[in-house]
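Everything numeric in this text was worked out from a predicted model, so none of it was measured. Just so we're on the same page: letters track the sequence lines, and every chain starts at 1.
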Amino acid sequence: MSQSLPAVGRPPAASSPTARPGIRLEADPTADGLAKRRPLYLRLWRGVPRELGYLVPTWIIAVVVFNFLTAAIATGASLVFLFVGIIIVSLVLVAARYLGSFELLRLRSSGLPPIAEPRWTPPFAGKTFMRAVIDPLASAHHWLYYVHGAIVNFLVAIVSGVITFAWFVTGFSLLLTPLWAAVRPSNLPGFSYGPNTEIGTDWNLGTLLTYAVWDREDPGLTALAITGFTLLGAAMVALIPFITHGMTYAHWGAARVLLARFPSEDMSTEVAALAASQRAAVVAEDHSLRRLERDIHDGPQQRLMRLQMDLASAERRMADDPAQAMELMGSARLLAQETLDELRALTQGFAPPLLQDRGLSAAIEALALRSSVPVECSIDLGGRTLPGEIERGSYFIVAELLSNAVKHAEATAIALRVHVVEGSAEGAPVTLTLEIDDNGRGGATLVPGHGLVGLTERVAGMRGTLDLASPAGGPTRIAATIPLPIESQPPESISPAEPTPPVGSTPTLPINPGDPTS
Amino acid sequence: MTTPTRPLRILLAEDSVLLREGLVRVLAEAGFETVAAVGDATGLETLIAEHAPDVAVLDVRMPPTFRDEGVQAAIQLRRRHPALGILLLSQYVEATYARELLRAGSGGIGYLLKDRVSSLDELRDAIERVADGGTALDPLVVSELMSRRADPLDALTRRESEVLALMAQGRSNAAIAAALVIGTGAVEKNVTGIFLKLGLEDSGSEHRRVLAVLAFLER
């Protein structure tokens, strides 16, 4: 079973290079450098089969789609005054949408960059009849998809079809001129059609070709014509990759203009993702604050009140019943001890001291050492100091992952990797990867009621993603990928936030050896 | 209350005024002499040169960063002043710090929760132990380490587990006997049993014994 949770917090798809221009520029040279080692021309040829695989069906599909969409809209339009026509037009638009999506899917196989579709809503599900009819009519994307399928793509297909077909036929025919000349079709049995050498006195390609293949009056001119046509054919064949690429690109361009998502949609998606992640963070914080409030109220606060009561009654009895007072004092001290224990447990869950004192690496190492199942631990933060909230969040993610592996998966061996990865595919320049493998019984899911759900909330709150692969019987791999803010990119550029001195402490005191009670 | 065994000289570094005053009073009650009490770990060397204390009692979180200044200071002091006893007091205990402190030198080091201070006997015992070059490790650190290594420890009897815990805290056989209300001979018998079952070698010094036990628990 493999689940991925991209919905919340994932940066928009790779098709929006404008989202983080600076990073794209940084990441691209290496990728391009690799590809450029192969000569450009050879790369173009390698693309030819893929592009033909796209183009050839396109000529058929574009004509069929054109016929269907035109006929259907004509039917709908002619009936528009009888309401049913409106329904037909709406249905045609929905059909145009799916046909356009299919076109985008096929374009993806041609090797050109994928084009991001608009964010569609399901056409019928959960809508009233009227909504389902009106929505496509009111949607700019539906009309653009119609224009693409019924007009633009058809025209582009005619042009690309004619040019490509003519180019192929002419190129290969001319390339085969020597073969034709050798065979001399008029000498073949049954090939009685002879060339008309009396075409006229105008010299054109046709007479030249005739001259080369059939008439051999002037051997010099024949040889020249054969060579010339062969070379022309070779040149046309050599240019085939540019033709197929150009024609595919024309279709791609039409689709890019008419079928793509509007840039403003990307922006609103980004905003929605941000809002969702913020909401998740707020929800998580709200949960933990509520729990903290309840824990303090149920534990330390009750004990302190009781402590105050006991001390007050000890004070009252001091004079007349010292024995009873002593007993009360003893129990009061026990209460104070219990309160301290509780507070310590609480703050440990809030922010582990080692994390605050030494940072994430040390805290995770201590976690791994403390685990009852041996943990093979590999931590590499690349000398970075991570922002405090990311350290804390990551610590608790690792803690939950570890305890999940021990408790639920009954693992006997765990491998933990905490790495900072630069220029990963996620779109963020630098990410922190928390990855845990265990050999337990597997079958972990992200359904409510399972411990991992709290984890997704936490990860989403950090704008990260959680990937889970846990087939029944194990092994389980869970990976959390958390984008790091760009500011933390150069190592040592961010100094860890100085924790504020706790209340009641004094700032650096002048050393005062003379007075021991200072 | 109780009569002091020896007038040990104490250097105290604790940033919270409230706790510092409380500690000075408790140390006095325990019969120790606090020669200096300061709020941070920056001038400790000068104070040691001036007062020649027997034991330095340090808080872990102190100015300027409130992280692990006390631990760092303790490790440095341990290296420069082998004869000085060092006791770290903290509101929390970390096995990581315990490990670092124990490895910094050969004994004379303690790491206790501040809560333990409420028991005068416990505090006095710990300070005297580190002054003598022994070890004082908080029971919480020990129990954390022992809970981790449940498997091989299952082989121990309940009594042996108790003895192991006290041993890991740095207590002498006599102190273990007193704490468990059994004879010294019985303790020795249990210690032999523990070392046999865990495959450890019993070395003479208590500090080395603690190290061996902790090394086993962390293995």
Query raised in the report: Above 12 or not: heavy atoms from other molecules or residues under 6.0 Å from CD of A/Glu376?
Result: no
Query raised in the report: Which bit of A/Thr347 is near chain B, if near means a heavy-atom gap under 4.5 Å: side chain, backbone, both or neither?
Result: neither
Requested in this report: Take atom CZ of B/Arg116 as the centre, draw a 6.0 Å sphere, and report whether it contains more than 12 heavy atoms from other residues, nucleotides or ligands.
Outcome: yes
Requested in this report: Find the one option among A/Pro352, A/Ala366, A/Pro353 whose heavy-atom pairs under 4.5 Å with chain B are most numerous.
Outcome: A/Pro353
Query raised in the report: Yes or no on side-chain contact (heavy atoms from CB on, under 4.5 Å) for B/Leu113 and A/Arg344, after CA distance, side-chain angles and deciding distance?
Result: CA-CA 11 Å; B/Leu113 271 184; A/Arg344 187 174 304 111; 3.5 Å; yes
Query raised in the report: More than 12 heavy atoms of other residues, nucleotides or ligands under 6.0 Å from CD of A/Glu315: is that the case?
Result: no
Query raised in the report: What distance do A/Arg358 atom CZ and B/Glu100 atom CD have between them, rounded to the nearest 0.5 Å?
Result: 4.0 Å
**Report entry** Structural part of B/Thr96 lying under 4.5 Å from a heavy atom of chain A
**Finding:** side chain
Report task. Flag yes if more than 12 heavy atoms outside A/Gln308 fall under 6.0 Å of its CD atom; otherwise flag no. Result -> no
Query raised in the report: Is the CD atom of A/Gln302 crowded by more than 12 outside heavy atoms at less than 6.0 Å?
Result: yes
Report task. Hey, could you give me the CG/CD distance between A/Leu343 and B/Gln91, rounded to the nearest 0.5 Å? Result -> 9.5 Å
Query raised in the report: Which pair of non-hydrogen atoms, one from B/Phe66 and one from A/Asp357, has the smallest distance, and what is that distance?
Result: O-OD1, 4.0 Å
Query raised in the report: Side chain, backbone, both or neither: which part of B/Leu23 has a heavy atom under 4.5 Å from chain A?
Result: neither
Report task. Examine whether an atom of A/Arg370 lies under 4.5 Å from a heavy atom of chain B, and if so say whether it belongs to the side chain, the backbone or both; otherwise answer neither. Result -> both
Query - Nearest non-hydrogen partners of B/Ser119 and A/Arg333, listed with the distance - result: N-NH1, 4.5 Å
Query raised in the report: Is the count of non-hydrogen atoms from other residues, nucleotides or ligands lying under 6.0 Å from A/Met305 atom CE greater than 12?
Result: yes
Query raised in the report: Any side-chain heavy atom of B/Asp115 within less than 4.5 Å of one from A/Asp341?
Result: yes
Report task. Answer with side chain, backbone, both or neither: which region of B/Glu94 has an atom nearer than 4.5 Å to a non-hydrogen atom of chain A? Result -> side chain
Query raised in the report: Checking B/Arg61 against chain A: side chain, backbone, both or neither under 4.5 Å from a heavy atom?
Result: side chain
